[in-house]
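See below for the structure under consideration.
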Amino acid sequence: MKWTKKHLLSIEELTREEIDFIIDNAFSFKDILLRPIKKVPALRGKTVVNLFFEPSTRTLISFSLAEKHLSADSVNVSTKTSSVMKGESLLDTAKNIESMKTDMVVIRHSSPGAAKFLSERINSNVVNAGDGTHEHPTQALLDFMTIKEIYKDLKNLKVLILGDILHSRVARSLIWGFLKYDTKVTLCAPPTLMPLYLNDFDVKIEYDIDKAIQDKDVVYILRMQLERQEKGLFPSLREYVKEFSMTYERYLRIKDKSIIMHPGPINRGVELDGNVADSEKSVILDQVTNGVAVRMAILYLLNGGKNE
Amino acid sequence: MNSLILKNCNIVNFDKIEKNKTVIIKNGVITSIENSSKDKGIDLKGKYLLPSFVDLHSHLREPGEEFKEDLFTGCEAALSGGYTSIVIMPNTKPPIDNPQSVTYLKKRELEFGRIEIFPLGALTKNMESVEITEMYDMLKAGAKGFSDDGIGTKNSRVFLNALRYISRFDSFISVHCEDRNLSEGGQINESDVSIKTGLSGIPFIEEDITVYRNLRIATYLKTALHIAHISTKDTLSLIKDFKKKNQKITCEVTPHHLIFDESVHFNYDTNLKVKPPLKSKRDVDSLVKGINDGSIDAIATDHAPHQIYEKEVEFIYAPFGIIGFETSFPSLYTNLVLKNKTDIKTLVKLLSYNPAKILNIDERYIKTGNLANLVVVDLEKEVNVDRKFIKSKSINTPFFNKKLFGSIDMTILKGRIVFRRD
Amino acid sequence: MKKRSLILNEKDISKIIDSMVSSIVEDEKELKNLAFIGIIKRGDIIAKRVAERIFKLKNIEIPIGKIDINLYRDDLSLIDYQPLVRSTEVLFDINDKVVYLFDDVFFTGRTIRSALVEILDIGRPKMIKLFVLVDRKSRELPIRPDFSGIELEIPKRDNINVFLKEIDGKDVVEKEEN
């Protein structure tokens with residue numbers, strides 16, 4: 001197939017063929033990571049700006065390494081506060097940066113639509129590294145790659161996504177992608193962290209975790225933000241762990257061939273038991289490795305995207 | 001003697017259209033309406049003559065935020081949209097919550113000199129929902145009525161007291177109905193659209209919950225109450241029920257709530273970020289039905305200017321609100337009348353006749369003896385909503401750079417041409 | 001209509017493979033220190049054929065790898081769509097080995113330049129030699145093959161098409177005039 005997209009903004013806008021194509025490329029890039037010299041000159045002379053308006057360690061390092069492996073020159077702009085609070089708007093920041101003749105911008109931002117906003121206003125290729133509670137496409141792509149490494153095909157796999165679905169951009173990207181692959185998706189969360197409107201999505205909702213974990217090929221656990229308790233969305237950590245956490249006792253009851261996934265960073269003892277994270281079914285660290293490969297594939301492909 | 005003759009026009013009133021008439025105006029009053037002849041006068045060449053529009057809801061940002069709009073630019077914008085009479089909301093910075101501020105606005109109205117302004121005062125001091133304002137003095141200074149618009153009066157006891165206190169006078173009380181506990185942090189209506197866009201949702205029931213409390217208090221006190229910018233089917237049916245018990249209840253809807261549904265948010269256009277949030281197609285359909293069956297009394301713009309640099313930001317940082325004076329009639333005509341969802345007489349009823357009645361001002365009906373508050377419209381002419389077309393300081397409208405039918409060619413206040421499109 | 005003419009048939013190709021084999025066996029006393037790398041998509045097939053014949057002759061198995069040079073192209077920013085990156089597979093140590101690099105057609109030398117850079121990223125061979133089926137004699141860089149089956153001087157606009165049984169079902173080299 002021919003890759004024509006200039007930006008990576010969401011999983012929703014990708015076709016299944018496009019997702020497969022990215023992952024096929026990513027597997028080749030993964031080989032490069034195993035070489036003594038982990039560098040290819042594909043993006044030599046290209047400049048990439050990593051514009052991170054939200055704190056992030058893993059995603060920023062992952063993108064930075066991907067850029068370096070592809071021989072791109074990259075700079076990181078990280079700010080904990082919003083651009084508006086600093087007095088300069090996102091648009092001004094981006095236009096200024098672009099005036100320094102950059103080729104690509106990787107953006108992480110707390111506002112849904114921020115990556116799209118930018119892509120409509122600057123000439124650089126834009127990669128969405130997470131926009132508020134909207135999407136986190138590269139995370140989902142690395143997850144699909146990790147699942148394909150084990151199961152080859154995603155069709156008819158039984159997947160459970162467990163945790164704060166309502167506020168999770170990862171969950172949204174995963175659901176869009178899984179549905180394109182005809183994967184059987186079950187969601188499990190306390191009702192206050194489950195979207196009220198899911199009619200447009202062919203997913204199963206199961207509030208009882210012990211039922212939800214049965215027969216699943218993949219158990220995907222989301223990070224639990226502790227500030228949700230302050231907002232009155234769940235009463236206590238104790239009850240959350242009891243009712244919705246992947247405890248070791250529950251781990252022993254999942255299918256033998258099942259895998260445990262998590263987008264990181266993990267809260268040991270909150271959404272999953274520390275021993276589950278380190279267990280043999282856990283592929284959490286494979287996800288991290290694949291993240292670099294997927295991001296290399298994305299940057300490589302977007303560099304050739306020519307559509308307006 | 002001051003006179004004006006308009007010939008070859010089609011007169012539209014809320015109940016009928018009369019073709020090919022000549023309207024003769026002397027000293028600001030319509031003195032006769034005749035069949036067109038070859039007499040002197042301004043030849044309108046078959047354009048439509050409507051009673052000028054009355055806006056029950058607008059924000060002119062003065063005092064305090066003159067960088068968004070000031071009273072003069074706001075008034076020019078209103079005239080260019082066919083409005084000769086506008087209610088302006090008190091949520092300026094600081095709010096209009098004292099007689100001196102009302103006096104200041106009335107003085108500015110005189111300085112401008114070509115429009116009727118009806119300022120509302122705040123119901124509570126600093127709109128904090130704690131103490132009621134000096135409403136009697138504000139009425140004497142020229143306030144038309146009262147509102148805690150933009151916030152709403154949170155405290156039920158204070159709201160009841162305010163309504164009771166002012167009940168000995170006829171005044172226009174407009175309420176903004178929002179449950180802040182439910183809406184806080186929300187960006188758009190909670191639905192599959194909010195889930196897919198990731199924009200946090202506001203449950204639509206926050207509106208009718210608050211409308212119910214307000215209608216209940218007004219009905220309990222047997223006072224008049226006007227519900228501002230309604231947006232849901234459920235609110236409308238609640239209002240219909242209460243109207244049976246209390247005939248002094250009225251309500252309004254904005255043009256954008258009649259035209260757009262929430263699905264537009266997939267583009268993250270901040271010029272469609274409004275309060276109350278845009279709702280489902282089902283709600284939009286029921287509001288359109290409401291303007292046709294008479295259950296909605298008025299269409300009001302909720303003209304809310306914000307500078308482009310405030311709106312050209314990430315969705316969650318953009319302020320709520322869009323401008324509406326200039327595009328009100330053309331957008332309604334293009335999106336409703338031309339699509340056979342309503343007719344022009346109904347627009348006249350909700351833009352002119354009814355709101356004038358609600359404010360208890362001169363009758364907006366083109367007939368002998370009435371004030372010549374008129375607007376000339378060219379229904380065939382397309383306007384391009386560009387920077388030149390927009391008279392406001394701000395261009396925050398979803399219609400920017402779009403074309404609309406129904407050009408306001410001339411606006412007439414008491415027989416005087418106060419706006420004319422080049 | 002494009003005019004096509006036969007350059008090499010199955011027999012010719014087989015002969016060239018044979019002479020590649022004898023050239024290697026003659027040059028290298030220590031066949032154990034050799035490694036073959038073919039450039040995807042047809043160089044790796046030629047490498048495999050040569051290695052198989054050496055195995056029959058000397059019973060020595062030479063390791064074969066393949067590389068995809070797309071990430072090393074110097075025209076990545078000029079082409080319209082990014083090609084799919086295929087896996088480079090060099091699953092053995094090339095340090096201090098004598099590496100024979102195989103490709104089907106030697107044209108400008110740019111592909112070979114890319115391949116050389118990639119090989120040097122993988123390790124540090126003692127020596128690299130270049131074996132090709134066809135040399136078009138229109139190099140743009142100071143790089144030339146150590147062995148070529150046939151030399152052709154044809155206009156740049158014309159194509160040389162190589163077909164090999166393993167992926168194309170036939171062994172043919174043809175010229176296509178544009």
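In what follows, chains carry the letters A, B, and so on, assigned in the order in which the sequence lines appear, proteins first and then strands, with residues in each chain numbered from 1.
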Original post:
Which class fits the ring pair Phe144(A) and Phe178(A): parallel under 30°, tilted 30 to 60°, perpendicular over 60°?
Top reply: perpendicular
Note: vs chain C, highest number of non-hydrogen pairs under 4.5 angstrom among Lys30(A), Met1(A), Lys39(A) is Lys39(A)
Taking atom types as modelled, is there a side-chain donor on Ser124(A) or Glu98(A) under 3.5 Å from an acceptor on the other?
yes
Relative to each other, are the rings of Trp3(A) and Phe21(A) parallel, tilted or perpendicular (30° and 60° limits)? parallel
Electrostatic pair Lys175(C):Asp158(C) at N-O distance under 4.0 angstrom: no
Cut-off 4.5 Å, heavy atoms of chain C, and the answer for Asn25(A) is both
Cut-off 4.5 Å, heavy atoms of chain C, and the answer for Leu43(A) is neither
Most contact-rich option vs chain C, by heavy-atom pairs under 4.5 angstrom, among Ile32(A), Asp24(A), Leu70(A), Asp31(A), is Asp31(A)
